[in-house]
Amino acid sequence: MPIEHQPDFDYALPLCEGDILQARDLRFAYPDGHPALNGISLNLCAGDKVALVGPNGAGKSTFMLHLNGILTGQGELKVAGLTISEKTLPQIRAAVGLVFQNPDDQLFSPTVFEDVAFGPLHMGLPEAEVRQRVEGALAAVGMSNFKERLSHHLSVGEKKRIAIATVLSMRPQLLVLDEPSAGLDPRARRTLIHLLRDLPITMLVSTHDLAMVKELFPRTIIMDEGRIVADGLTYEILENAALLEAHGLEKP
Amino acid sequence: MHYAPVPMHIPDGLLSLVVALIFWALTAASVALAIFKTNKTLGEKQIPLMGIMAAFIFAAQMLNFPVAGGTSGHFLGGALAAIVLGPWAAILVMTSVIAVQGLLFQDGGLLVMGANIFNMGIVTAIIGFGLYRSVSGNPNKTVRLAFAGAGAWLATVSAALVTALQLWLSGNAHIEIVVPAMLGVHVIIGIGEAVISVAALAFIEQTRPDLLNAEKSAQQGGGGWVWAGILLSLATVLFSPLVSASPDGLERVADNLGFLSQGVSAPYQLLPDYTIPFLGETALSTIAAGAIGALVVLGVVVLIGRNLRKRSAE
Amino acid sequence: MHADAFDRFHPAESRLHRLNPSVKVALTVAFIISNALLPDAAWLAFAAAWLFLLAANDQSRLGLWFTFRRSLLAAPFALAALSAIFSPLGGALVSFHLLWLNLTVTDVGLLRFASILIRSWLSVQMAVLLVATTQFPDILHALEHLRVPKALTTIIAFLYRYLFVLTDKVFRLLRAREARSAGLPGQKRGGSLLWRANVAGNMAGQLFVRSYERSDRIYNAMAARGYTGQLRTLHPHEIKPSDWNFLTLALILLALIQLTGWIR
């Protein structure tokens, strides 16, 4: 039975120590006063593949922006053993690969090569290492022969895969994906699912695609109105029709 | 897809080297300053914001609206960019737009790009922002929009006049014709520019009022811009009719300036070298001689090219 | 609309395609400067410059006439130079009266006009050839090599990247407007001119706000990958000895063209 939370419930998921990610009572409000996170607490362990689901406006994307220090709220957040601060930010950004929902926002360089090299270059790696990492990352997403291509020539599915390569080249410990399967046709979606299945890396994936969740992720977290309302085994959560319906989700 | 240019992009060959280089120098200095200034105010966001805004202006220039008889009004955007982003940012944005139009689409030349940026980026930024800045603190929205519209119109007309002056300074246009012609076209185009800019501003004020407040304008540029805008528009608007009223003396000065790069020798002395006997020594026969010479040369080139290709294929 | 509509690059296997982009950019500019330097009515030199252009075309393997087809781009504006035929220098050919103007066509003016057209026509073709044989990102690298500030080239790179995204948006907006631009028989269609311009303005405003917000998201995507305001890029192009040879040869040819133009 999935654990359901009360908003002010002091919660720690007893699955592991949380060596990749530990969040305790994370709170954030946008400058206009609109509260987006109302106390998020969760742990992620190495090797976890976790789905983050919930209706639009639940705070999923806001939470993900915290993992990389782009937004900073109140509460405690430890990523890869580091507490987020101005000083640890470069290391944290190297440890967390954040892939945005719209690949057109993620791929901002004219060529695929330049985009995949962007992260390693900013980590200050030597040129040979940068090239090697670009090759490796493109190979990992099955796009090795796209190196010299221009980003605007790619299809949506190709863009999504290159977007993943742009963070894989930084060799992150945690991959954070925002709605990776949105807007893909069935074939591109299938390719993406296989890619995510085969990537040997810890990942947190926000999505509305519950069929994909069922297929890929052993653990699921439901967010609504800036809170975690359920966190548990996917097959249990997806069986709970009442819970899903209460948070605007449909049983796949 | 047809990419419709705004009739203000000077192609290469129309300005003399001296005029082109003078305006390149002015533009390069302004752009360097603009890079420095925007970096100071925008910091890390300078690159993505300027880049996307440049793409916005490029895309917005395709927003046309049918005027009459198959023609359509187009949008330049320099004044709008200056009003929302500030003059320095607008200079950078317009520089990028004009650079891509010239480099990638041959819409405007390379050697004359400095002049094109000056006309469509710098003149429009100074005048557009200057006029708006004079009322940016005014609580009355209608007044602000009216000044923005007037700024957009005046910026367009001034940019056209400066273009005309450059052509004339190069000795490549007759001022009595080029000034009224450019003026006539752009007085009309400027109205479209003004209406689009005002409507766009009204929309932005409604949806993102935070982008357009008085403080932000004051941050983007001080009161000096107001004077710069007024002076520059007065200078172009007054100077052009003045020189076109009594062109003869000035025309010769300009002609000489144009000749600095094109050879001081008057070409008619050279005609005998390249004339065709039965046509007589007229300009026409020189042109005909040139054309025939060119054809002969072309024939030789085609033959050589064929030969070379055959040989490399073997 | 498909993004390809904006592409000017024509892939081919040729010496000109392989030539170092910096060399290509420098030579294009040198050629255009050379044209601007040639005196009026230097027909032989103009012909030589054309020869140079045709040779470059041939080197590109895109065909001898490749740039010719796209060379009429500058034609409409070149008409602005038409008024040069009334140059006050030189001998009068024809005089006439137009509105309030007394106009005299002079021989110097005619030669000037023809020369302007030729210079413009030759220059635009070389620029066409440059973008046909060089990917735009490579041109930007070349500009960086040639000391154009990196901030500017990067902004232009962003412009190039998002040009396609935003123009696509514009076309969707225009299509949506088209789809609703209905008319009824017997009714005046399309509203007033002012209203139509206003609609275009609203579209511009909407596009601006969306673009502004997008720039925020892009900044986030950059920051997430370690961007702190410092620009770092690799320079993939080295200038090889063969590039230097090509450059030297081409510059000698341009010098010869200048000589032809000035010595008579």
Side-chain angles (χ1 to χ4, degrees), chain B residues 1 11-14 17 35 43-45 47-52 54-56 58-60 62-63 65 73 96 99-100 103-104 106 109-111 167 172-174 176-178 192 195-196 199-200 203-204 207-208 248 251 255 261-263 267-268 270 273-274 283 287 290 293-294 297 301 305, chain C residues 1 5 8 29 32 36 39-41 43 47 51 54 58 64 73-74 77 81 83-84 86 88-90 101 107 110-111 114 116 119-120 123-124 127-128 131 136 149 151 154-156 158-159 162-163 166-167 170 196-198 200-205 207-209 211 214-215 218-219 229 264:
Chain B
M1 121 64 243
D12 275 318
L14 262 81
L17 192 62
I35 292 174
E44 297 154 39
K45 292 199 177 180
I47 302 287
L49 181 63
M50 297 294 92
I52 307 309
F56 156 72
F58 190 102
M62 293 181 175
L63 282 174
F65 57 100
S96 312
V100 166
L103 273 170
L104 193 56
Q106 285 76 52
L110 304 183
L111 189 57
L167 289 169
N172 288 350
H174 196 57
E176 275 181 288
I177 295 168
V178 78
V195 177
I196 295 189
F203 185 95
I204 296 166
T207 45
R208 286 290 300 268
D248 270 6
E251 188 96 326
D255 244 332
S261 60
Q262 290 168 4
Y268 49 85
L270 311 164
D273 294 341
Y274 303 105
I287 292 170
V297 171
V301 172
Chain C
M1 184 203 68
R8 293 293 185 263
V29 173
I32 293 170
D40 283 351
W43 308 122
L51 207 73
L54 287 174
D58 191 55
L64 215 49
L73 277 166
F77 198 99
S83 60
F86 308 114
L89 302 171
L101 296 166
D107 53 1
L110 263 182
L111 293 179
I116 293 170
R119 283 192 200 102
S120 181
S123 302
V124 78
V128 166
V131 289
F136 194 68
T154 316
I155 291 170
I156 296 174
F158 268 89
L159 161 57
Y162 288 99
L163 183 83
L166 293 190
T167 45
V170 166
R196 287 200 296 264
N198 197 37
N202 278 332
M203 288 178 173
L207 196 67
F208 174 85
V209 171
S211 311
R214 178 186 287 273
S215 80
I218 293 165
Y219 168 71
R264 294 152 192 264

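Residue numbers start from 1 in every chain, and the chains themselves are labelled A, B, ... in the order their sequence lines are given, proteins ahead of strands.
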Inset, instruction - Determine the sole option in C:Leu159, C:Ile156, C:Ile155 for which the side chain to side chain contact (heavy atoms under 4.5 Å, CB included) test with B:Met50 is passed. - result: C:Ile155

Inset, instruction - Examine whether an atom of C:Phe208 lies under 4.5 Å from a heavy atom of chain B, and if so say whether it belongs to the side chain, the backbone or both; otherwise answer neither. - result: both

Legend entry - Inter-residue atom distance B:Ile52.CD1 - C:Ser215.OG, 0.5 Å rounding: 6.5 Å

Inset, instruction - Rounded to the nearest 0.5 Å, what's the gap from CG on C:Leu207 to CZ on C:Arg214? Could you check? - result: 10.0 Å

Inset, instruction - Please look at B:Ile35 and chain C and tell me whether the side chain, the backbone, both or neither of the residue comes under 4.5 angstrom of a heavy atom of that chain. - result: side chain

Inset, instruction - Go through C:Pro149, C:Ser123, C:Ala204 and name the one with the most non-hydrogen pairs under 4.5 angstrom from chain B. - result: C:Ala204

Legend entry - Closest approach of B:Ile47 to C:Ala151 (non-hydrogen atoms, all atoms of both residues): CD1-O, 3.7 Å

